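The sequence lines fix the lettering, A, B, ..., with proteins before strands; numbering per chain opens at 1. Because the structure is predicted, anything quoted here is derived from the model rather than measured. Because only heavy atoms are used, hydrogens play no part in the values below, and waters and symmetry mates are left out as well, while side chains stay in.
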Amino acid sequence: MPELPEVETVREGLERLLKGERIDDIAVYHPRAVQRSEGDVAGLAVFGGRTVEAVVRRGKFLWFEMEGIALNFHLGMSGQLLVSEPGAPAPDHPHLRARIMFKDGSVLRFLDQRTFGYLQRSSLTEVSDGRPAGQGTESPFIPVPVAHIARDVLDPWVEVGDIARRTRRRRTEIKRAMLDQTLASGMGNIYCDEALYRAKINPRRKTNGLSYQRIEALWHHSKDVLREALEQGGTTFDALYVNVNGASGYFSRSLQAYGQGGKPCGRCGATMTRIQFMNRSSTFCPICQPFSGGSSSRL
DNA sequence: ATAGCGGCCTGAAGGC
DNA sequence: TGCCTTCAGGCCGCTA
């Protein structure tokens, strides 16, 4: 499951290996790998001869700036981007969805078991605040399909106070708000559970029933969780193999809430509760993260 | 406009 | 042993 830290690791690898290179050709092996792409599969031909000017990320979206247009990627649930340097093999694979061949002989392969991921040709549009559109660029231009996605919590231009104020205006459950990519992007189920655990907030608490201070603290915890995961996960990938690996070190060593249902809480020893929530699971400590009032209303 | 929910997809894991 | 069901979850698009 590539989450924001994994996508940023991939971005850094692609930037290091492919920035400045020119695309020769793109081959597509599965129709679902190209979704909502301008000109459909045939439209990808315009990338031939164009240079990768920047490799940019906002939330879990990743794109190449290519001389006025974007080649935009989303890895979905199971996507991988693998770079083979010139002369190295780039073999077929049962889940191979596309190959991007570069003039220098490099090959970028897109693999995706569950085909939730895709690549697409997109026009660029200017972001309203005029600031750099994402990690990896100074340009304020963003692919049209990404324009509605908010800045992510690791974005240097984002202000936690601003996210907190907009969160508090919502009238919904706090975890729903955290997963809403138009409020702040990049928070998946795993990192939401971890941040809520650290902030001692029940996932079903209402946004308007929490103080500004607690919501602000929650977003600071969110930022910390993502930064720590990035620091740990970013060291496990070598230069030749830009990988996305759900079993990164962070997952096995550091998770305190996600996947811990039935196990004792690391703080108080109570049994961690797992509930169904938004067609997925949500795990929390019933003592540290109570649903109603009590100690949870204080910091 | 906004909130909330269903659908997309396949391999692993568990039950019988 | 083997078949069937359940689960994982980000994002889009539909509905109210």
Is there a side-chain polar atom (N or O) of A:Q181 under 4.0 Å from OP1 or OP2 of C:dC11?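 Checking C:dC11 against A:Q181, a side-chain N or O does come within under 4.0 Å of OP1 or OP2.
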Geometric cation-pi criterion A:R99 and A:F110, 6.0 Å radius, 45° cone: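 That pair does not qualify as a cation-pi contact.
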Name all pairs fulfilling the ring pair (Phe, Tyr, Trp, His ring centres under 6.0 Å) condition that reach into residues 9-63 of chain A, sequence neighbours left out, sorted by first residue then second.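 Of all non-adjacent pairs touching residues 9-63 of chain A, those that pass ring pair (Phe, Tyr, Trp, His ring centres under 6.0 Å) are A:F61-A:H74.
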Could you check how far [atom1] of [X] sits from [atom2] of [N], rounded to whole Å?
X: A:D180; N: B:dT2; atom1: CG; atom2: C1'; value: 10 Å
X: A:L183; N: B:dT2; atom1: CG; atom2: P; value: 12 Å
X: A:I149; N: C:dG13; atom1: CD1; atom2: P; value: 12 Å
X: A:L179; N: B:dA3; atom1: CG; atom2: C1'; value: 14 Å
X: A:Y258; N: C:dC7; atom1: OH; atom2: P; value: 13 Å
X: A:L62; N: C:dG10; atom1: CG; atom2: P; value: 17 Å
X: A:Q35; N: C:dG10; atom1: CD; atom2: C1'; value: 12 Å
X: A:R274; N: C:dT6; atom1: CZ; atom2: C1'; value: 11 Å

Can you tell which of C:dA8, C:dC12, B:dG4 lies closest to the side chain of A:R176?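 Nearest to the side-chain atoms of A:R176, counting from C-beta on, is B:dG4.
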Out of C:dC12, C:dC11, C:dG9, whichever nucleotide has its closest atom nearest the side chain of A:H74: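 Of all the options, the side chain of A:H74 is nearest to C:dC11.
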Does A:V127 belong to the same Ile/Leu/Val/Met/Phe/Trp/Tyr cluster as A:L154, with side-chain heavy atoms less than 4.5 Å apart forming each link?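 Unlinked, A:V127 and A:L154 end up in two clusters.
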Quick one: name the residues clustered hydrophobically with A:L183, using the 4.5 Å side-chain heavy-atom rule over I, L, V, M, F, W, Y, and just say none if it's on its own.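 A:L183 shares its hydrophobic cluster with no other residue.
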A:F116 side chain reached by A:S78 side chain, heavy atoms, under 4.5 Å: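 The answer is no; the side chains never approach within 4.5 Å.
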Sole candidate of A:E194, A:E3, A:R280, A:K175 that passes side-chain hydrogen bond (donor to acceptor under 3.5 Å, both in side chains) when paired with A:N189: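 Testing A:N189 for a side-chain hydrogen bond (donor to acceptor under 3.5 Å, both in side chains) against A:E194, A:E3, A:R280, A:K175 leaves exactly one candidate, A:K175.
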Starting from the first five and the last five pairs of the helix from B:dT2-C:dA16 to B:dC16-C:dG2, work out the angle between the resulting helix axes, to 10 degrees.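 Angle reported: 50°, given to the nearest ten degrees.
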Cationic N near anionic O, under 4.0 Å, A:K60 to A:D152: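 A:D152 and A:K60: not salt-bridged.
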So, are A:R170 and A:D180 salt-bridged, with charged N and O less than 4.0 Å apart?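 So A:R170 pairs with A:D180 through a salt bridge.
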Donor + acceptor pair across side chains of A:N202, A:Q289 (<3.5 Å):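 No, A:Q289 and A:N202 have no side-chain donor paired with an acceptor closer than 3.5 Å.
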Holding to ring pair (Phe, Tyr, Trp, His ring centres under 6.0 Å), I want the full list of residues that pass it with A:H221, two or more places apart in sequence or in another chain.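 Ring pair (Phe, Tyr, Trp, His ring centres under 6.0 Å) check on A:H221 returns nothing, list empty.
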Sugar-phosphate means primed atoms, P, OP1 and OP2; the rest is base. With that split, encode nucleotides 6-13 of chain B 5' to 3' as B, S or - using protein heavy atoms under 4.0 Å. B-BBBS--
Taking atom NZ of A:K103 as the centre, does the number of heavy atoms from other residues, nucleotides or ligands within less than 6.0 Å exceed 12?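 Buried by this count: over 12 neighbours within 6.0 Å.
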Does anything in residues 161-173 of chain A reach DNA chain C, meaning a heavy atom under 4.0 Å, and if so which residues?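 Output list: empty, so none.
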